[in-house]
Amino acid sequence: MATLNISLTPELASLINEKVSSGMYPSASDVVGEGLRLLKEQDEMRHVRFQELRREIASGIDQLARGEAKVFASSEELAEHIEGEGRKLLAARQTPR
């Protein structure tokens with residue numbers, strides 16, 4: 001296992017000590033390791049969301065190229081459409097199954 005020397009703010013050092021003192025973690029290394037595992041997981045989730053967004057954008061561009069876009073006369077009309085779609089989605093979520 002690699003040994004690293006790191007500098008922490010007093011707040012982070014205190015947090016690590018609290019986690020160890022509480023018995024949640026057996027050592028400071030375990031606290032830091034868990035934090036890094038969570039950071040890695042968060043980075044991976046961000047990457048997946050970014051890839052999904054890229055696919056959605058590409059799909060939208062393809063729809064535009066095929067002439068499947070809906071044109072709105074004004075930004076107000078667009079806002080009303082978005083609000084209406086949002087209300088439909090909210091109502092669908094609130095309906096018991």
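The model shown is predicted, which means the values in this text are computed figures rather than measured ones. Along the sequence shown, residues carry numbers from 1.
- From S74, atom OG reaches atom CD of E80 across 7.0 Å, with rounding to the nearest 0.5 Å.
- The CD atom of Q42 lies 15.0 Å from the NE2 atom of H47; values are rounded to the nearest 0.5 Å.
- Put simply, the side chain of K70 reaches to within 4.5 Å of the side chain of H81, judged on heavy atoms.
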Exercise for review: Dump the intermediate steps for side-chain contact (heavy atoms from CB on, under 4.5 Å) on S59 and Q63, then the final yes or no.
Suggested key: CA-CA 6 Å; S59 174; Q63 289 173 346; 4.0 Å; yes
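- L36 and I16 fall within a single hydrophobic cluster, where Ile, Leu, Val, Met, Phe, Trp and Tyr side chains are chained together by heavy-atom contacts under 4.5 Å.
- Contact check for F50 versus R46: no side-chain heavy atoms found under the 4.5 Å cut-off.
- Expressed to the nearest 0.5 Å, how far CZ of F72 lies from CG of L78 amounts to 5.5 Å.
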Check your understanding: So D30 and S27, side-chain hydrogen bond (donor to acceptor under 3.5 Å, both in side chains) or not? Walk me through it.
Key -> CA-CA 5 Å; D30 289 318; S27 69; 3.0 Å; yes
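- Under a hydrophobic clustering in which Ile, Leu, Val, Met, Phe, Trp and Tyr are joined whenever their side-chain heavy atoms come within less than 4.5 Å, directly or via other members, V20 and I6 fall into the same cluster.
- A distance-only check finds no donor-acceptor pair linking the side chain of S14 to the backbone of P10 [under 3.5 Å].
- Here the shortest heavy-atom pairing between V31 and K19 reads CG2-CB, 3.7 Å.
- A single hydrophobic cluster is seen to contain both V32 and L8, as judged by linkage of ILVMFWY side chains at heavy-atom distances under 4.5 Å, directly or through other members.
- Heavy-atom neighbours of R87 CZ from other residues, nucleotides or ligands within 6.0 Å: at or below the threshold of 12.
- Salt bridge absent: R37 and E41 never bring a charged side-chain N and a carboxylate O closer than 4.0 Å.
- By the 4.5 Å heavy-atom criterion applied to side chains, Q94 and L90 are counted as neighbours.
- Contact between A69 and L64 at its shortest, heavy atoms only, is CB-CD2, 3.1 Å.
- Ion pair D43/K40 not flagged as a salt bridge, since none of the NZ, NE, NH1 or NH2 atoms sits closer than 4.0 Å to an Asp/Glu carboxylate oxygen.
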